[in-house]
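These notes are about the structure you will find just below.
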Amino acid sequence: MLDLAVLAVAAAEHHEEATAFGLGAGGWVALAMLAVFAIMLKAGVPRLVAGMLDKQIAEIRQQLDSAKALRAEAEALRDQYASKLENAESDAAALLAGAKDEARLIVERAEVQTTALIARRQKMAEDKIAAAERAAVNELRAKAAEASSEAARALIQSKHTAAADRQLVDQAIAGL
């Protein structure tokens with residue numbers, strides 16, 4: 001049995017490769033690859049691949065152009081808003097200055113109007129005081145006249161008699 005084992009080992013070591021038409025397994029694989037490449041070239045696969053790649057390149061270029069346009073638009077908007085911000089700041093400063101001037105004018109007008117109002121009220125108060133003084137003087141005169149007429153009547157009644165009254169009435173009638 002030992003001979004069989006030695007024969008089996010010897011047979012395994014000296015194995016011969018199968019060939020067909022003088023080509024081994026590696027040759028057939030290489031030939032199959034060449035055939036596949038030839039069929040691919042004949043079918044225009046490189047053109048299809050190149051077309052797909054060109055199409056993708058065109059899409060990428062279009063996206064890049066669109067991105068450039070968007071960036072330019074964004075920069076223009078940024079510049080526009082920056083100038084608007086500067087204009088808004090200058091407008092705000094101008095509005096503030098205008099508001100201060102207007103407030104100053106309002107205060108000046110109010111001062112003038114207040115002075116005029118005070119003068120009118122003072123004149124009215126003086127007129128009221130003068131009217132009250134005149135009324136008081138007139139009232140005092142009226143009371144003095146009343147008091148003097150009362151005193152004169154009392155004096156006339158006490159010193160004047162009926163005969164003197166007749167003489168005065170006669171003189172008045174004669175004067176008519």
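Source: prediction; values computed, not measured.
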Taking distance alone, no hydrogens or angles, what donor-acceptor pairs closer than 3.5 Å link side-chain atoms of residues 111-134 to residues at least two apart or in another chain?
from: Thr114; atom 1: OG1; to: Ala110; atom 2: O; distance (Å): 2.5
from: Thr115; atom 1: OG1; to: Glu111; atom 2: O; distance (Å): 2.7
from: Lys123; atom 1: NZ; to: Asp127; atom 2: OD1; distance (Å): 3.2

Show which side-chain atoms of residues 26-40 pair as donor or acceptor with protein atoms under 3.5 Å away, not counting sequence neighbours.
from: Trp28; atom 1: NE1; to: Ala20; atom 2: O; distance (Å): 3.3
from: Trp28; atom 1: NE1; to: Leu23; atom 2: O; distance (Å): 3.2

Just by distance, do the side chain of Ser66 and the backbone of Gln62 share a donor-acceptor pair under 3.5 Å? no

Using distance only, find each side-chain donor-acceptor pair of residues 95-109 under 3.5 Å and give its atom names and separation, not counting sequence neighbours.
from: Arg104; atom 1: NH1; to: Glu108; atom 2: OE2; distance (Å): 3.2

Donor-acceptor contacts, no H, no angles, side chain residues 74-91, under 3.5 Å, sequence neighbours left out:
from: Glu75; atom 1: OE2; to: Arg71; atom 2: NE; distance (Å): 3.2
from: Ser83; atom 1: OG; to: Asp79; atom 2: O; distance (Å): 3.4
from: Ser83; atom 1: OG; to: Gln80; atom 2: O; distance (Å): 2.7
from: Asn87; atom 1: ND2; to: Ser83; atom 2: O; distance (Å): 3.3
from: Ser90; atom 1: OG; to: Glu86; atom 2: O; distance (Å): 3.4
from: Ser90; atom 1: OG; to: Asn87; atom 2: O; distance (Å): 2.8

Only pairs at least two apart or in different chains count here, so list each salt bridge (charged side-chain N to carboxylate O under 4.0 Å, His left out) that has a residue in residues 35-62. none

Of all pairs that satisfy salt bridge (charged side-chain N to carboxylate O under 4.0 Å, His left out), the ones with a partner from residues 144-157, not counting sequence neighbours: Glu150-Arg153

